[in-house]
Amino acid sequence: MKNTVSTLLKQKQTGDKITMLTAYDYTMAKIIDECGVNAILVGDSLGMVMLGYENTLPVTMEDMIHHTKAVARGAENAFIVADMPFMSYQVSVQDAVINAGRLIKEGNANAVKLEGGAEVCEQIRAIVNASIPVVAHLGLTPQSVNAFGGFKVQGKSLENARRLIDDALKIQEAGACSVVLEGIPAKLADIITSKLNIPTIGIGASAGCDGQVLVYQDMLGLTIGHTAKFVKKFANAGDAMRQGITDYINETKAGTFPAQEHTYSIDDDVINELLKEEKSE
Ligand code: KIV
């Protein structure tokens, strides 16, 4: 059954943890959806894990629409959330509504996600007024990497922690249907979760959040190089892929691939006739 805003809210109320993973293409969306994940995030992390950028800042609306469309074709039941890329909502409320609308109309997303607290409440209110569900994102918000001076845990000082609690209450009041809490201390995530009526989805936050989200390349062991402390590797798909590709190279070079079962047959009569014709030419 299709997961909706109401499904996620009910999960918070009943204590049934929300599962969310990122996906950026049809095949992965189909696999993740078939496993029964509640929500798929087409994150602007695609800039890093799919396009090879250093951070999420260069991602465009066109990138997001292209990948969201593919995910929507693959996911039947998961609630699809598409990220609003950097500068698609910060400049004006009008921009925010137009761009959120594009992710729904052209990308076939069910909701949009944007980063920030009090400073984006006007945008959240206007997008929700256009009947588009909004997931907020607080804490270590990657689009603020330059302002933070790196990917740093947020909310450690009293002032910062107070501000995050205040932001969470404000985005809820503005109409957000859920909030991603990224890179904040576990005890702070627990306080925020207990104060909100909307579900919190943690990444580098706390098991006490109403749900969790991870980037699929990280949790399947596909990420090359450093991963954040909060990443748990649930599988080693990278090694399985490397082994498969190496076997393909070796068997192709040895001439053992393709084997007979991978090839198509033809009637001997046809071949004999062809060979006769070849000889007589
Ligand atoms: O872009 C993304 O994948 C995200 C998650 C890390 C929450 O925003």
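Numbering of ligands and ligand atoms starts at 1, following listing order.
The neighbour count for Glu261 CD, taken as heavy atoms of other residues, nucleotides or ligands under 6.0 Å away, is above 12.
Within ligand 1, counting atoms from 1 as listed, the ones closer than 4.0 Å to a heavy atom of Gly43 are 1 (O), 2 (C), 3 (O). Taking every non-hydrogen atom of Leu41 and a distance limit under 4.0 Å, the qualifying atoms of ligand 1 come out as 2 (C), 3 (O), 4 (C), 5 (C), 7 (C), 8 (O). Close approach to His137 involves these atoms of ligand 1, each under 4.0 Å from a residue heavy atom: 7 (C), 8 (O). Of all the atoms in ligand 1, the ones that sit under 4.0 Å from a non-hydrogen atom of Lys113 are 4 (C), 8 (O). Interface of Asp44 with ligand 1, defined as ligand atoms under 4.0 Å from a residue heavy atom, comprises 1 (O). For ligand 1 and Ser45, the ligand atoms under 4.0 Å from any heavy atom of the residue are 1 (O), 2 (C), 3 (O). Listed by number with element, the atoms of ligand 1 under 4.0 angstrom from any heavy atom of Ile203 are 6 (C). Less than 4.0 angstrom separates some heavy atom of Asp83 from each of these atoms of ligand 1: 1 (O), 2 (C), 8 (O).
A salt bridge links Glu62 and Arg102; the closest N-O separation between the charged side-chain nitrogens and carboxylate oxygens is under 4.0 Å. One finds no salt bridge joining Lys170 and Asp167 here, because no Lys/Arg side-chain nitrogen approaches an Asp/Glu carboxylate oxygen to under 4.0 Å. Between Glu281 and Lys276 there is no salt bridge, since none of the side-chain N atoms of the basic residue sits less than 4.0 Å from a carboxylate O of the acidic one.
No hydrogens or angles considered: nothing links the side chains of Asn197 and Lys12 as a donor-acceptor pair under 3.5 Å.
Not one N or O of Thr22 is nearer than 3.5 Å to an N or O of ligand 1, by distance alone.
Using a 4.5 Å cut-off on side-chain heavy atoms (C-beta onward), Leu181 and Cys209 make contact. Side-chain contact between Val180 and Glu115 is absent, with no heavy-atom pair separated by less than 4.5 Å.
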